[in-house]
There are 2 protein chains.
Amino acid sequence: MRDIARAMEMEAASLYNHIDSKQSILNALLMDIANRFTVGMQQIQSSSLTALEQLEALIDQHVDMTVGYTDAISLVPSEWIHLEEPHLKEFVTLRKNYEDAFKAVILAAIEEGSIAEVDVDVALFSTLSTLRWLYSWYTKQGIKVELLKKELKRTLLQGLISSL
Amino acid sequence: MRDIARAMEMEAASLYNHIDSKQSILNALLMDIANRFTVGMQQIQSSSLTALEQLEALIDQHVDMTVGYTDAISLVPSEWIHLEEPHLKEFVTLRKNYEDAFKAVILAAIEEGSIAEVDVDVALFSTLSTLRWLYSWYTKQGIKVELLKKELKRTLLQGLISSL
DNA sequence: GTCTATACGCTGATAGAC
DNA sequence: GTCTATCAGCGTATAGAC
């Protein structure tokens with residue numbers, strides 16, 4: 001709280017005229033991120049895109065969110081564990097729904113024949129691992145957003161070996 | 001420290017007859033992991049395997065380490081930041097050397113023609129993101145180690161689209 | 001080598017003046 | 001709405017008895 005206060009150029013005690021508690025800040029940031037991903041998923045699901053195009057749109061969404069909300073998104077991999085109930089359950093539910101929806105898109109892409117019959121759980125885990133850690137990596141690179149999207153789609157969807 | 005003491009069935013104060021500080025525990029665990037990965041990389045580098053086979057061996061190594069040292073390896077993604085000097089610099093150097101060596105293997109695989117001419121930095125980041133987060137995922141799955149190795153190599157090296 | 005008692009810095013948060 | 005003063009709890013670590 002003292003770090004935040006310094007950044008706001010006030011004393012730590014003054015923060016409490018604007019927020020209830022440290023917990024409420026964590027909750028507000030994480031819920032905002034979770035809701036944005038949830039809405040984005042719904043938009044992609046209800047689109048007329050093919051399953052493969054939906055996968056590409058999901059990757060693009062993660063890149064856009066990472067660039068647009070880098071600080072808040074850095075809380076997602078590890079800090080969510082410090083949420084208190086009932087917010088913890090709420091966050092975990094939103095995340096589970098998102099993962100299930102993501103998995104369904106992968107399955108649909110297999111069914112439509114646009115990707116191979118991979119192990120869906122391994123594919124989901126691998127893809128989300130990369131997308132969730134993106135925030136810690138992309139700032140160190142000078143890479144442009146559009147190039148990043150293109151290369152990530154290539155790496156995640158086509159792998160290293162394929163396009164020979 | 002009180003959590004550790006409870007697991008050891010003693011009082012927190014009694015721990016200090018066995019260790020210097022909490023910091024020294026973190027350092028011992030992280031250095032052990034870093035050294036094991038460093039030795040493994042050296043063995044793979046000095047082998048007569050092709051670059052593609054070396055990539056596969058690196059993935060296998062991460063799976064073996066994750067299964068064999070799950071608790072200690074869980075410190076690698078985020079907790080290393082709490083190391084104090086000079087241990088922090090030491091750890092970061094070992095990690096940088098490991099990443100450089102990993103990148104060199106990817107480059108060698110491109111040069112030998114066994115993988116496509118991908119963006120090496122994106123490929124390294126994506127691969128390591130998945131392998132470093134493996135600890136948090138594999139225990140929830142009932143998946144066998146050998147199957148996990150096979151599916152990870154497929155997903156990371158061949159991607160989703162390729163093997164149609 | 002374990003215990004009890006305790007020191008002491010840090011942190012989230014509150015009280016009350018202005 | 002900001003400040004100063006302050007509190008209470010926690011967490012690492014030490015002292016010293018046994």
Side-chain angles (χ1 to χ4, degrees), chain A residues 1-37 65 68-95 132-133 135-136 139, chain B residues 1-37 69-95 132-133 135-136 139:
Chain A
M1 298 305 284
R2 279 158 177 121
D3 288 344
I4 293 173
R6 194 182 324 119
M8 304 284 289
E9 292 183 316
M10 53 174 65
E11 293 302 313
S14 306
L15 292 174
Y16 290 84
N17 282 299
H18 306 273
I19 51 104
D20 288 340
S21 64
K22 182 182 162 184
Q23 270 293 318
S24 70
I25 301 176
L26 180 65
N27 186 56
L29 290 170
L30 279 171
M31 279 304 154
D32 180 56
I33 294 296
N35 287 329
R36 287 179 190 275
F37 272 112
M65 288 286 296
Y69 305 94
T70 311
D71 289 343
I73 225 169
S74 72
L75 303 170
V76 172
S78 300
E79 299 300 320
W80 63 272
I81 199 75
H82 298 115
L83 285 171
E84 292 171 354
E85 298 296 359
H87 305 110
L88 178 58
K89 273 202 181 65
E90 197 181 338
F91 179 83
V92 171
T93 300
L94 284 174
R95 190 183 58 176
R132 284 176 176 157
W133 268 104
Y135 80 93
S136 72
T139 43
Chain B
M1 300 305 284
R2 281 161 178 134
D3 290 343
I4 294 173
R6 193 181 327 117
M8 304 285 289
E9 294 183 313
M10 54 174 66
E11 293 302 313
S14 306
L15 291 174
Y16 290 84
N17 282 300
H18 304 275
I19 50 101
D20 288 339
S21 65
K22 182 181 163 186
Q23 270 292 320
S24 70
I25 300 176
L26 181 66
N27 186 56
L29 290 170
L30 279 172
M31 280 303 154
D32 179 57
I33 295 296
N35 287 329
R36 287 179 190 276
F37 272 110
Y69 304 93
T70 310
D71 289 343
I73 224 169
S74 72
L75 304 171
V76 173
S78 301
E79 300 301 319
W80 63 270
I81 199 75
H82 298 115
L83 285 171
E84 291 171 353
E85 299 296 359
H87 304 111
L88 178 58
K89 274 203 180 66
E90 196 181 341
F91 179 82
V92 170
T93 299
L94 284 174
R95 191 184 56 176
R132 284 176 176 158
W133 267 104
Y135 81 94
S136 72
T139 41

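Not a single donor-acceptor pair under 3.5 Å links the side chain of Q23(A) to the backbone N or O of N27(A). Using modelled atom types, no side-chain atom of D32(A) and backbone atom of A28(A) make a donor-acceptor pair closer than 3.5 Å.
Going from atom CZ of R2(B) over to atom P of dC10(D) covers 9 Å, rounded to whole Å. Here dG12(C) presents its C1' atom at 17 Å from CG of N27(A), a figure rounded to the nearest Å. A straight line from CG of L15(B) to P of dT4(C) spans 14 Å, rounded to a whole angstrom. dA13(C) atom P lies 12 Å from atom CG of L26(A), rounded to whole Å. Going from atom NE2 of H82(A) over to atom P of dT11(C) covers 15 Å, rounded to whole Å. When rounded to the nearest whole Å, the span between NZ of K22(A) and P of dG12(C) equals 4 Å. Rounded to an integer number of Å, the gap from I19(B) CD1 to dT12(D) P is 10 Å. Rounded to a whole Å, the NE2 atom of H18(B) is 17 Å from the C1' atom of dT12(D).
Taking only side-chain atoms of A13(A), from C-beta outward, the nucleotide of dG1(D), dT14(C), dG11(D) with the closest atom is dT14(C). Picking from dT6(D), dG1(C), dT14(D) the nucleotide with the shortest atom distance to the side chain of Y16(B) gives dT14(D).
In terms of heavy atoms, E79(B) sits closest to L26(B) at O-CD2, 3.9 Å. Here the closest heavy-atom approach between residue Y135(B) and residue P77(B) is recorded as CE2-CG, 3.8 Å. Nearest heavy atoms, S78(A) versus I81(A): O-CG2, 3.3 Å.
Residues V92(A) and W80(A) meet the side-chain proximity criterion, which asks for heavy atoms closer than 4.5 Å.
The list of side-chain hydrogen bond (donor to acceptor under 3.5 Å, both in side chains) pairs with a residue in residues 2-11 of chain A, not counting sequence neighbours, reads D3(A)-R6(A).
Residues of residues 3-12 of chain A having a heavy atom closer than 4.0 Å to DNA chain D, listed by number: M10(A), E11(A).
Close to dG1(D), at under 4.0 Å from its OP1 or OP2, lies no side-chain N or O of S14(A).
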